[in-house]
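Have a look at the structure below, then the notes.
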Amino acid sequence: MSRDVNNKYWDEELETLPREELEKRQLADLKEIVQFAYDNAPYYKRSFDEAGVKPSDIKTLADIQKFPFIDKKTQRDTQGVGSFLGELAAVPEEEVVFISTSSGSTGVPTMSPFTKKDFDEFQDTESRWFWQIGMRPNDRYVHALNFSLYVGGPDVIGAQNLGALCIWGGTLPSERLLFILKTYQPTIIWTSPSYAWQLGEKALKQGIDPKKDLNIKKIIVAGELGGSIDATRKAIEDLWGAEVYDFYGLSDIFGACAAMCEAKDGLHIAENHILVETVDLHTGEVLKPGEVGELVFTTLRKHARPLIRFRTGDIGWIDNTPCSCGRTHGRIHINGRKDDMFIVSAVNVFPSDIEAVVRELSGITGEYLIRVFEKDFTCKYSVEIEKNADNPKTDEEVAAEVSAALKARIGVKPYNVVVHPDGGLDTRSEHKSKRIIDERKLEYNI
């Protein structure tokens with residue numbers, strides 16, 4: 001099927017559905033997937049029966065609230081039980097054509113299986129996101145993401161299906177990747193926000209000006225929150241002379257489940273595939289659109305392993321109001337991970353807020369490290385940053401400036417700010433950067 005390259009939509013009918021029609025389709029898919037999960041996945045049969053609910057209870061979208069939550073622990077506890085794929089799987093292994101796994105950063109890695117139909121619809125969604133940010137068949141695209149069991153690896157197929165020339169870069173060393181960027185002059189690259197920044201810095205140190213010597217026009221970032229932090233996104237854009245777009249994905253569902261459009265006001269989520277709820281962190285009470293809480297997703301069309309009311313661990317909110325781009329699917333805004341959030345003097349602190357401050361201030365490199373610790377039986381945090389080599393201010397002056405900016409932005413100042421010289425922090429990574437060290441020994445409930 002040939003598409004008009006001047007049409008801003010990959011699937012105009014789907015992307016611009018009136019809200020009422022979109023929700024009508026969601027309800028039909030919800031009824032089908034809940035029944036399918038109950039009939040074919042041992043865990044859901046047991047869980048629904050124990051909760052006293054049945055698929056026929058779904059009369060409206062809001063009726064999903066009657067059903068129990070699942071989370072990462074559910075996945076780990078049921079994985080490999082009864083079969084290789086486990087009790088959440090709803091199809092036999094013979095129907096599965098692909099599996100990815102989570103990183104296992106917060107526990108045992110969990111598998112995410114796909115039937116052929118699941119996988120094909122996954123890649124059509126990726127094509128839709130690529131088209132949404134302006135990729136066209138005449139683009140050259142470098143997919144600089146991990147291919148080793150990572151759910152974002154196959155997303156390159158979505159770009160190929162769109163017609164772009166694709167370079168399967170993977171996790172190449174920076175020198176090799178810069179060689180590809182300079183030799184093949186690709187126009188679009190996808191990597192993590194921290195690596196996009198660091199790759200640009202390394203290019204400059206090698207005498208390569210990303211703006212003049214390379215041809216990157218658009219940078220897709222994912223895997224970290226930076227792409228949705230205005231200051232970080234602008235810093236990367238200024239370094240490369242390119243537009244930066246944030247994508248959001250979950251190994252539990254598929255590669256990119258949501259993506260920015262040209263408005264860059266949140267990330268449109270594929271609501272034809274995912275029903276979104278936001279719930280209170282403590283009570284699980286469903287919140288209204290626009291209220292901040294934990295995002296809960298129900299997959300509407302994934303049959304290999306349906307996820308019914310999956311608590312993602314991501315804190316954010318959904319905006320269902322019309323977007324200036326014309327798309328009607330809701331936009332999610334991510335504040336951070338529940339695992340990363342910490343509380344200081346009754347204030348919820350997200351690393352993303354600290355990053356926004358550090359990336360906005362002049363005279364420092366933008367690199368940072370957060371330490372969370374206990375002092376006098378209360379939670380405290382410190383921030384380590386790097387001072388630019390040409391910054392004439394003393395370390396004490398820089399520390400005071402950063403501390404004041406954090407107090408103004410977050411509401412609580414850090415216990416202290418440690419200033420390092422340029423390059424003094426070991427936070428630069430080829431991919432995701434580790435920026436939080438939690439030294440607490442007490443239990444802190446959020």
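For clarity, every value in this text was computed on a predicted model and none was experimentally measured.
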Exercise for the section: Looking only at non-hydrogen atoms, find the nearest pair between Leu239 and Pro210 and report the distance. Expected result: O-CB, 3.8 Å

Practice task
Compare all side-chain heavy atoms of Leu162 with those of Pro137 and state whether any distance is below 4.5 angstrom.
Solution key: yes

Exercise for the section: Please determine, by modelled atom types, if Thr74 and Asp71 share a side-chain donor-acceptor pair under 3.5 angstrom. Expected result: yes

Exercise for the section: Examine Arg327 relative to Tyr9 and say whether NZ or CZ is less than 6.0 Å from the centre of the six-membered ring and inside a 45° cone about the ring axis. Expected result: no

Completion exercise
Heavy atoms of Pro109 and Gln79 approach each other most closely as O-NE2, 3.2 Å

Handout entry: Leu295 to Trp317 - nearest heavy-atom pair and separation
Key = CD2-N, 4.3 Å

Problem - Glu15 side chain near Thr328 side chain, heavy-atom distance below 4.5 Å - result: no

For residues 258-269, which side-chain donor-acceptor pairs fall under 3.5 Å, sequence neighbours excluded?
| unit_1 | atom_1 | unit_2 | atom_2 | d |
| --- | --- | --- | --- | --- |
| Glu262 | OE2 | Lys8 | NZ | 2.9 |
| Lys264 | NZ | Glu237 | OE2 | 2.7 |
| Lys264 | NZ | Glu243 | OE1 | 2.5 |
| Lys264 | NZ | Val244 | O | 3.2 |
| Asp265 | OD2 | Arg331 | NH1 | 2.9 |
| His268 | ND1 | His329 | O | 2.9 |

Exercise for the section: Check for a donor-acceptor pair, side chain of Lys211 on one end and backbone N or O of Asp238 on the other, with a separation under 3.5 Å. Expected result: yes

Problem - Residue among Phe130, Tyr184, Trp190 satisfying ring-ring contact (aromatic ring centres under 6.0 Å, His included) with Tyr141 - result: Phe130

Practice task
Applying side chain to side chain contact (heavy atoms under 4.5 Å, CB included), name anything that partners Ser127, two or more places apart in sequence or on another chain.
Solution key: Trp10, Asn161

Handout entry: 4.5 Å side-chain heavy-atom contact, Leu250 and Asp314
Key = yes

Practice task
Give a yes or no on whether the backbone of Arg371 and the side-chain of Glu384 come within a donor-acceptor separation of less than 3.5 Å.
Solution key: no

Problem - Distance-minimising heavy-atom pair for Phe122 and Val151 - result: CZ-O, 3.5 Å

Handout entry: Contact list for residues 267-279, test salt bridge (charged side-chain N to carboxylate O under 4.0 Å, His left out), sequence neighbours left out
Key = Arg19-Glu271, Glu277-Arg309

Problem - Short side-chain to backbone donor-acceptor contact, Glu386 and His420, under 3.5 Å - result: no

Handout entry: Exceeds 12 heavy-atom contacts within 6.0 angstrom, atom CD of Glu13
Key = no

Problem - Evaluation steps, ring-ring contact (aromatic ring centres under 6.0 Å, His included), between His143 and Trp168 - result: CA-CA 5 Å; His143 196 68; Trp168 293 43; 7.5 Å; no

Problem - Stepwise side chain to side chain donor-acceptor pair (under 3.5 Å) check, Ser228 with Asp246 - result: CA-CA 6 Å; Ser228 285; Asp246 196 19; 2.5 Å; yes

Problem - Carboxylate-amine/guanidinium contact Arg128 Asp124, below 4.0 Å - result: no

Handout entry: Min side-chain heavy-atom separation Glu21-Arg25 under 4.5 Å
Key = yes

Problem - Pair Thr187, Asp139: side-chain N/O donor-acceptor within cut-off below 3.5 Å - result: yes

Completion exercise
Separation between CD (Glu175) and NZ (Lys202), nearest 0.5 Å, reads 6.0 Å

Practice task
List the atom of Thr312, the atom of Phe297, and the distance in Å for their closest heavy-atom pair.
Solution key: CG2-CD1, 3.5 Å

Problem - Side-chain donor or acceptor of Lys117 paired with backbone N/O of Arg301 under 3.5 Å - result: no

Exercise for the section: Decide if atom CZ of Phe36 counts as having more than 12 heavy atoms of other residues, nucleotides or ligands within a radius under 6.0 Å. Expected result: yes

Problem - Exam field: side chain Lys218 to backbone Ile133, donor-acceptor pair closer than 3.5 Å - result: yes

